[in-house]
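Below: one structure, written as structure tokens.
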Amino acid sequence: MLMLGIETSCDETAAALVESTADLERPWRIRSNVVASQVEIHREWGGVVPELASRQHVRDICGVVERALAEGGAAWREVGAVAVTEGPGLVGSLLVGVSFAKSAAWALDVPVVPVHHLAGHIESIWLAHGNVPLPAIILVVSGGHTSLYLVPKAGEYRLVGRTRDDAAGEAYDKVAKLMGLGYPGGPLVDALSVEGQAARFPLPFTRLTHPDRNAPDRDHRFDFSFSGVKTAVLRHVRLRQQELGVTALPDQDVRDLCASFQYTVVETLLRRTFKAARWFEAASIGIAGGVSANRLLRAEAVRRGAQARVPVFVPPLALSTDNAAMIAAAGLRAHAAGRIGAPDLNAVPNLVLHANSEERPPPRP
Ligand code: KG4
Ligand code: ZN
């Protein structure tokens, strides 16, 4: 089966061809993976402007799909089904992909397969590495999401933790903005951190694992929060500006703040992920989503995995940021399970991944 994947949930117009193989350990093979990034358009505004994003998707979608077919060496008639991100995301952006996918599937007389964006990020691990030992704990960490999923068997996703406020990537982008670094902030803060001293500006760890009187759900042990650390960076910036009587901080202050922020975020992500892995006796850990491109997160995750004797899987960069190959892969999984879309398939901006699968950690024995 050759699956055409389409992803337009935010600011990347992406199309890819992924085919199923006879190899049970590596069931999918990427034929092409094309991404048209809109980052240059949104950089001017310091963030994604939804209306500009959807207009650019309309401009780019035909060319991107045609390139995916050409690079994959496939003709339209070879496409067996079309997988598309149904949600979550920006509604105007999602609509471009969903409308295109439905039209293409209808014209080809093949099924359209709706995919949850986070199922795509999770499946990027299987796409890159083949079958991983189960149960697995998967951290999905991006600009829009920071969630922990337990995968007891392939294709089953149970939410066991999520951010209560900002996503980690969003916090990176906001911290970069308040230090005047530009957009998107993640890669910039990551690069500057390398020359910074994290110990110079210690930042607080938000603790949600102890009974939290204000928390809506006290049983949730693996939740995250990143708004506090972002505000703490802002406080340091203001303080230094006052102390020095300047608006632009010296380069070394910026590097040190970046390093401290990065250390705090990565520690928070990994402590929760490894704690969840111990709790659920996971046989492997996966880290997916745009922030998994972070060099400290990647290196530390692998180091701690070796220490804890739990293999850690991270997809290569082309599969960790938004792409359509992961959507095609999740589509192949859904199609094999008989899940295909109805003709009235529509974009769902706040789509929940398997609404009833939220699993509370079992009580301690
Ligand atoms: O998965 P993604 O491409 O899009 C969403 O679904 O959100 O993730 C984009 C996010 C942005 O917030 C970006 O700043 C962050 O990933 N990011 C990084 C790095 N590269 C991208 N964050 C930290 N370190 C990086 N190296
Ligand atoms: Zn994403």
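When a ligand or atom number is given, it counts from 1 through the structure's own listing order. Since the structure is predicted, the reported quantities are computational estimates derived from the model, not experimental observations.
Side-chain atoms of E12 and N323 form no donor-acceptor pair, as typed in the model, at a separation below 3.5 Å. Using modelled atom types, one finds a donor on one side chain and an acceptor on the other under 3.5 Å when comparing H121 with D322. Between the side chains of S9 and E7, a donor-acceptor pair is found at a separation under 3.5 Å. In this model, no donor atom of one side chain and acceptor atom of the other lie less than 3.5 Å apart for D190 and Y172. H57 and T8 form no side-chain donor-acceptor contact under 3.5 Å, judged by distance and modelled atom types alone. In summary, the side chains of R255 and Q252 do present a donor paired with an acceptor at a separation below 3.5 Å, with no hydrogens or angles considered.
Proximity of V79 to L69: side-chain heavy atoms (C-beta onward) are separated by under 4.5 Å at one or more points. Between M1 and L332 the shortest side-chain heavy-atom distance falls below 4.5 Å.
Looking at atom 17 (N) of ligand 1, its nearest protein heavy atom turns out to be G290 O, 3.7 Å. Of all protein heavy atoms, the one lying nearest to atom 7 (O) of ligand 1 is G143 N, 2.8 Å. The nearest protein atom to atom 22 (N) of ligand 1, hydrogens excluded, is given as G186 CA, 3.3 Å; this is a heavy-atom distance. Scanning all protein heavy atoms for the shortest distance to atom 24 (N) of ligand 1 gives N294 ND2, 2.9 Å.
Near D173, meaning under 4.0 Å from one of its heavy atoms, ligand 1 places the atoms 11 (C), 12 (O), 13 (C), 14 (O). Within ligand 1, the atoms closer than 4.0 Å to a non-hydrogen atom of G144 are 7 (O), numbered from 1 in the order shown. Listed by atom number, the atoms of ligand 1 under 4.0 Å from G169 heavy atoms are 12 (O). Of all the atoms in ligand 1, the ones that sit under 4.0 Å from a non-hydrogen atom of D190 are 24 (N), 25 (C), 26 (N). Taking every heavy atom of V291 and a limit of under 4.0 angstrom, the matching atoms of ligand 1 come to 15 (C), 16 (O), 18 (C), 22 (N), 23 (C). Heavy-atom contacts of A293 reach the following atoms of ligand 1: 20 (N), 26 (N) (cutoff under 4.0 Å).
Here D322 has heavy atoms under 4.0 Å from ligand 1 in both its backbone and its side chain. Under 4.0 angstrom from ligand 1, the non-hydrogen atoms of H117 all belong to its side chain. The proximity of H121 to ligand 1, defined as any non-hydrogen pair under 4.0 Å, is limited to the side chain.
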Discussion item. One pair to check against side chain to side chain contact (heavy atoms under 4.5 Å, CB included): L127 and I125. What are the steps and the verdict?
Written reply: CA-CA 5 Å; L127 179 60; I125 310 260; over 6 Å; no

Discussion item. I'd like to know whether R31 forms a side chain to side chain contact (heavy atoms under 4.5 Å, CB included) with R29, so could you lay out the CA-CA distance, the side-chain angles of the two residues, the decisive distance to 0.1 Å, and finally the verdict.
Written reply: CA-CA 6 Å; R31 295 259 297 257; R29 192 169 75 86; 3.4 Å; yes

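Rounded to the nearest 10 degrees, the angle NE2 (H117) to the Zn ion (ligand 2) to NE2 (H121) equals 90°.
Nearest N, O or S atom of D322 to the Zn ion (ligand 2): atom OD1.
Within the structure, ligand 1 has P187 among the residues with a heavy atom less than 4.0 angstrom away.
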